Amino acid sequence: QVQLVESGGGLVQPGGSLRLSCAASRRIFALNAMGWFRQAPGKQRELVAIMTNGGSTNYADSVKGRFTISRDNAENTVALQMNSLQPEDTAVYYCYVRGINSIWGQGTQVTVSS
C-alpha cells in the first residue's frame, strides 16, 4: 500500500514562510495529480493547490500569489512553498494524490501566530 510522507510543518510568525514536502513510498499506478488540502479547526477540508501530470495548477483564491506548488514527476514528490503566511492559514495540511484511488497523507500542522 502506498504511503505519503509529509514534512515541513511548524510554527511561524505572520508574514513568514514554510515549505511542505510530500513523498510517495513507491510509484503510484495511474497517478494523474498531486496536491495539498488543509483543514482548520471546526472547518471542512479544503483544496489549497493541485497540479496535474501535465503541469496545470489550481489554487484556492485565498492563497493565490502567496503559495506555489511544485512536483517532481520522476520522484513522485510534491512540495508547497508558502509565503506571506497569515493566521488564517493555520491548519493541518494534507498531501493528496489522485490516481485510480485517492491517497492521503497523515497531515502536518502549520501554525501561524505571533
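All of these numbers come straight from a predicted model, not from anything done at the bench.
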Chemist: Please report the shortest heavy-atom distance between Gln81 and Ser17, naming the atom on each side.
Modeler: NE2-CB, 4.0 Å
Chemist: Hey, could you give me the CG/OG distance between Leu11 and Ser114, rounded to the nearest 0.5 Å?
Modeler: 9.5 Å
Chemist: What are the two closest heavy atoms between Trp36 and Leu47, and how far apart are they?
Modeler: O-CD1, 3.7 Å
Chemist: For Met51 and Val78: C-alpha separation, side-chain torsions, deciding distance, then whether side chain to side chain contact (heavy atoms under 4.5 Å, CB included) applies.
Modeler: CA-CA 9 Å; Met51 180 182 283; Val78 61; 6.0 Å; no
Chemist: How long is the span from the CG atom in Leu4 to the OG atom in Ser25, to the nearest 0.5 Å?
Modeler: 7.0 Å
Chemist: Can you find a pair of side-chain heavy atoms, one from Thr68 and one from Leu80, that are under 4.5 Å apart?
Modeler: no
Chemist: Which is it for Cys22 and Val5 under the side chain to side chain contact (heavy atoms under 4.5 Å, CB included) test, yes or no, and what are the steps along the way?
Modeler: CA-CA 5 Å; Cys22 173; Val5 180; over 6 Å; no
Chemist: Less than 4.5 Å apart, side chain to side chain, heavy atoms only: is that true for Thr108 and Val92?
Modeler: no
Chemist: Compare all side-chain heavy atoms of Pro14 with those of Pro87 and state whether any distance is below 4.5 angstrom.
Modeler: yes
Chemist: Once you round to the nearest 0.5 Å, how far does CZ of Arg19 lie from CZ of Phe67?
Modeler: 13.0 Å
Chemist: For the residue pair Gln109 / Thr111, report whether a side-chain donor-acceptor contact shorter than 3.5 Å exists.
Modeler: yes
Chemist: Can you measure from CZ (Arg38) to CD (Gln44) and round to the nearest 0.5 angstrom?
Modeler: 14.0 Å
Chemist: What I'd like to find out is whether the side chain of Arg45 reaches to under 4.5 Å of the side chain of Trp104, using heavy atoms alone.
Modeler: yes
Chemist: For Gln3 and Ala24, indicate whether the former's side chain and the latter's backbone hold a donor-acceptor pair under 3.5 Å.
Modeler: no
Chemist: Just to verify, which of Tyr93, Tyr96, Tyr94 counts as forming a ring-ring contact (aromatic ring centres under 6.0 Å, His included) with Phe37?
Modeler: Tyr96
Chemist: Specify the closest pair of heavy atoms between Leu31 and Val97, including all atoms of both residues, with the distance to one decimal.
Modeler: CD1-CG1, 3.7 Å
Chemist: Kindly give the heavy-atom pair with the smallest separation between Val2 and Arg26, and that separation in Å.
Modeler: CG2-CZ, 3.6 Å
Chemist: Once you round to the nearest 0.5 Å, how far does CZ of Arg66 lie from CD of Gln86?
Modeler: 6.0 Å
Chemist: Given side chains that start at C-beta, do those of Met82 and Val12 come closer than 4.5 Å, heavy atoms only?
Modeler: no
Chemist: Considering non-hydrogen atoms only, spot the tightest contact between Asn32 and Arg71 and give its length.
Modeler: O-NH1, 4.2 Å
Chemist: Do Met34 and Ile50 share a hydrophobic cluster, counting only Ile, Leu, Val, Met, Phe, Trp and Tyr and linking them when any side-chain heavy atoms are less than 4.5 Å apart?
Modeler: no
Chemist: How close do Val110 and Leu18 get, heavy atom to heavy atom, and via which atoms?
Modeler: CG1-CD1, 3.9 Å
Chemist: Distance from Thr77 atom OG1 to Asp72 atom CG, nearest 0.5 Å?
Modeler: 4.5 Å
